[in-house]
2 protein chains.
Amino acid sequence: MSGRAGTSKRLADVPRSAAQTRVVTAALGLFARHGVNGTSLQMIADELGVTKAAIYHQFPTKDEIVIAAVEVELVKVEAALDAADAEPDPHRALDLVLTQVIDSAVAQRGMVGVVQHDPVIVRHLARHRPFRDLMQRLSAVLTRGDAGVDARVRAAMVSAAIGGAVVHPLVADVDDDTLRTEVRRLAGDLLDRD
Amino acid sequence: MSGRAGTSKRLADVPRSAAQTRVVTAALGLFARHGVNGTSLQMIADELGVTKAAIYHQFPTKDEIVIAAVEVELVKVEAALDAADAEPDPHRALDLVLTQVIDSAVAQRGMVGVVQHDPVIVRHLARHRPFRDLMQRLSAVLTRGDAGVDARVRAAMVSAAIGGAVVHPLVADVDDDTLRTEVRRLAGDLLDRD
DNA sequence: GTCTATATGAAGATAGAC
DNA sequence: GTCTATCTTCATATAGAC
């Protein structure tokens, strides 16, 4: 996938080295289990079998690791939003985004949840321009441009439901395929029903 | 599973002093904003205008504060579950619980979310018997005893949606009353629709 | 119930060798 | 790219006076 437009507001313009990717992958898993504040550089280092200093050689601060980790998840959402923008039918556009977000959430149970709920990440989401813009695009698709209270509450609920449901103990034993299908169907119901 | 005998599995059997209540209230607010790991005893102390040592005089460890804080929120849920147990009509029983949980979530936007999503609290929820039992009772009401996948996914989504939606930026400007009504209606839809 | 003072450890982060 | 060693700051937690 390429065709990058000239906008400066996009994610992931920075290529990562193999070592950086390893750090981010390890961090993402630990963030999902322990939260950002509950994950120390020592834990990331231990996970990779290296020392903290080796991590600091790859990223100047812990914050940069957090941002890179969030980007890994959001790039997929961005791609889905790009596809949605190219789709004239708003109903199909919504379907593209919903399916992708749910797939991500189910595939890596916990990742989407941590992006939505971890206080540290939420702060980053609110502060960094590219993140804010992306969340706004996502909201626009979920509400289908409807700025009314009803549409916004639905969008907020669907958004929260997807991230939260996949890690809920109640569905821990449900296989990925079933979970994906069920959540997709119910999310659609919640958004569409009048 | 109605008549609850004098089991020892109930919450909040321990009376708290005024000073303890002050600590827990301050802690709860900070937990919601910064997460448990992001909240230090110093922050709690500062919030109350006292020193850390004064806090330690009230609670032996930070963990105990976390447990007490979670109890404050869950006692309300427990009361609603008790009322639901006394209600023969399962549809009305569900309504009682749903309304109470949503009221709590909206009244203290963030509290319910932190209980559901903070990794530290989730760990406590999974470990402590009274908490586990309570969550199980809540799940039973939300699924109305249906152990099928569909019912469990719905329950998980509703549960996550309530906690997550009320803190979503999309609905930050919606007043409490409207939010309560909208969320209650959509939660009911999600659970009932076939 | 609150304080001052302190112990102990782990956190994020840096310098410089290999 | 990784290491050892070190710095600073802040965390949880304790002892004992008022």
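This one's a predicted model, so the numbers in the text were calculated from it and none came from an experiment.
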Using a cut-off of less than 4.0 Å, is there contact between a side-chain N or O of [X] and OP1 or OP2 of [N]?
| X | N | result |
| --- | --- | --- |
| B:Ser40 | D:dA11 | yes |
| B:Thr51 | C:dC3 | yes |
| A:Gln20 | D:dG1 | no |

Ionic contact status for B:Asp189 with B:Arg154, cut-off 4.0 Å: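 No, no charged N to carboxylate O under 4.0 Å.
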
Look at B:Asp103 together with B:Lys76 and state whether they make a salt bridge at an N to O cut-off of under 4.0 Å. no

Between [options], which one does the side chain of [X] approach most closely?
| X | options | result |
| --- | --- | --- |
| A:Thr61 | C:dA13, C:dT4, D:dA11 | C:dA13 |
| B:Arg22 | C:dA13, D:dT2, C:dT2 | C:dT2 |
| A:Lys62 | D:dT2, C:dA13, C:dC3 | C:dA13 |
| B:Ala19 | C:dC3, C:dA13, C:dG1 | C:dG1 |
| B:Ala54 | C:dT2, D:dT12, C:dA13 | C:dT2 |

For [X] and [N], what is the distance between atoms [atom1] and [atom2] respectively, to the nearest whole Å?
| X | N | atom1 | atom2 | result |
| --- | --- | --- | --- | --- |
| B:His57 | D:dG16 | NE2 | C1' | 13 Å |
| B:Asn37 | D:dC10 | CG | C1' | 14 Å |
| A:Phe59 | D:dT2 | CZ | P | 12 Å |
| A:Leu48 | D:dC3 | CG | C1' | 15 Å |
| B:Ile44 | D:dA11 | CD1 | P | 11 Å |
| B:Tyr56 | C:dT4 | OH | C1' | 16 Å |
| B:Leu30 | D:dA11 | CG | P | 12 Å |
| A:Leu41 | D:dT2 | CG | P | 15 Å |

Does B:Asp118 reach the main-chain N or O of B:Val36 with its side chain, forming a donor-acceptor pair under 3.5 Å? yes

Would you check if A:Leu191 and A:Leu98 make a side-chain contact, meaning some heavy-atom pair closer than 4.5 Å?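 Yes, at least one pair of side-chain atoms sits under 4.5 Å.
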
Less than 4.5 Å apart, side chain to side chain, heavy atoms only: is that true for B:Val115 and B:Phe31?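 Contact flag for B:Val115/B:Phe31 side chains = no.
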
The answer to which of B:Ala53 and B:Ser17 contacts DNA chain C further toward the 5' end, by nearest nucleotide, is B:Ser17

